[in-house]
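To start, the structure under review is shown below, and the notes come after it.
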Amino acid sequence: MSAELNGKQVAFLLTDGYEDSELTSPWEAVTGAGATARLVSPATQDVTGKNGHVQPVDVAVAEASSDDYHALVLPGGVVNADDLRVDEASVAFAKAFFEQGKPVGVICHGAWILIEADVVRGRELTSYPSLKTDLRNAGASWVDEEVVVDQGLVSSRTPDDLPAFNAKLVEEIGEGEHEGQHA
C-alpha cells in the first residue's frame, strides 16, 4: 500500500444510477494510495449503480461538510448525475470544494453538477461527449482528451479513461489545495 495520501479524507458524492466502475476504480485508487474514502449521498442507506454494485452511504449530504475532506470525486452515470444536479445540498457540497481550493475529480456525466454549481466558467475540462455543449454554454473550454487537469480539477470522459483519471486524481489530491481552484 502506498502512503502518498495517508491522512487524507476523500468524499465520493453520488446516488443511485451511478456508473459502477466510476465509483469502484477511483475508490480503489485513492484508498490504495493511503486515503480514506467516504460515500456522501442524498440517499440515506445504500446506493446502487446502474450495473448492480451496491455501496453503503457513510454520510448524508445534508449533514456533510467539505471542511472534513481533502478532495471530492464525482462519478458519472446519467441518472446519478441528473439527480445530483437538482439536489441543492449536493450542489452546495460540490461548490464548497471549489471555494476552498480543494481537488475535485469528475468523470463522464458527473460534470452536470459542476455546471449547476457554476464552477466551470473559464476552466478546461472534458466529459462524456454529450455534455460538450452544456459545458461550453456554461463557459468552459471543452476538449476531447482522456484526462484533463486544470488547477486541481481532474476530468475524464468514460470508464475507458479510468487508468489515466485515477493516476492524475491521486497526484492532485497529493498536491493538496490549488490556488487556481475557485468557485
Side-chain angles (χ1 to χ4, degrees), residues 1-15 18-49 53-77 80-81 84 89-90 92-108 110-111 113-114 117 119 125-126 146-183:
M1 173 183 282
S2 171
E4 63 189 298
L5 299 184
N6 275 356
K8 303 274 186 178
Q9 300 283 327
V10 180
F12 282 72
L13 176 61
L14 60 131
T15 194
Y18 61 90
E19 175 60 51
D20 301 48
S21 63
E22 293 173 8
L23 165 63
T24 59
S25 181
W27 187 286
E28 290 170 5
V30 300
T31 58
T36 299
R38 307 271 291 162
L39 196 147
V40 178
S41 180
T44 56
Q45 295 190 6
D46 293 340
V47 290
T48 303
H53 177 79
V54 177
Q55 183 99 4
V57 173
D58 295 307
V59 181
V61 71
E63 299 168 8
S65 171
S66 60
D67 295 337
D68 297 333
Y69 302 96
H70 296 93
L72 173 66
V73 179
L74 299 164
N80 164 63
L84 287 181
S90 295
F93 183 70
K95 185 172 188 162
F97 284 84
F98 286 84
E99 292 168 341
Q100 296 172 341
K102 295 178 178 180
V104 175
V106 62
I107 187 164
C108 200
I113 194 170
L114 301 182
V119 295
L125 67 158
T126 193
E146 72 176 350
V147 65
V148 175
V149 180
D150 182 337
Q151 296 293 319
L153 174 59
V154 181
S155 59
S156 283
R157 303 169 298 193
T158 70
D160 292 342
D161 299 331
L162 282 166
F165 176 76
N166 292 342
K168 285 297 185 183
L169 179 67
V170 168
E171 179 182 324
E172 293 300 304
I173 295 170
E175 289 177 5
E177 293 180 12
H178 291 70
E179 194 174 304
Q181 178 77 304
H182 57 83

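- Within the structure, the side-chain hydrogen bond (donor to acceptor under 3.5 Å, both in side chains) test picks out no pair touching residues 32-48 (sequence neighbours left out).
- For residues 146-159, the set of pairs meeting the salt bridge (charged side-chain N to carboxylate O under 4.0 Å, His left out) definition, not counting sequence neighbours, comprises Arg123-Asp150, Asp144-Arg157, Arg157-Asp161.
- Panel note: side chain Ser156, backbone Thr158; no donor-acceptor pair is recorded below 3.5 Å.
- Under a 3.5 Å cut-off, the side chain of Tyr18 and the backbone N or O of His53 do form a donor-acceptor pair.
- Side-chain atoms of Ser155 come within 3.5 Å of backbone N or O of Thr126 as a donor-acceptor pair.
- The side chain to side chain donor-acceptor pair (under 3.5 Å) test applied to Glu175 returns His178, not counting sequence neighbours.
- The salt bridge (Lys or Arg N to Asp or Glu O under 4.0 Å) check on Lys168 picks up Glu171, with sequence neighbours excluded.
- Atom CD of Glu22 is separated from atom CZ of Phe165 by 8.0 Å, given to the nearest 0.5 angstrom.
- Distance NZ/Lys95 to CD1/Ile113: 12.0 Å, rounded to 0.5 Å.
- In terms of modelled atom types and a separation under 3.5 Å, the side chain of His70 and the main chain of Val10 share no donor-acceptor contact.
- Judged as a ring-ring contact (aromatic ring centres under 6.0 Å, His included), and not counting sequence neighbours, the contacts of Phe97 are Phe93.
- Under the 3.5 Å distance criterion, the side-chain polar atoms of Gln55 are left unmatched by any main-chain donor or acceptor of Val47.
- Applying the side chain to side chain donor-acceptor pair (under 3.5 Å) criterion to Ser66, with sequence neighbours excluded, gives Gln100.
- Taken from CG in Leu39 to CH2 in Trp27, the straight-line distance is 5.0 Å, to the nearest 0.5 Å.
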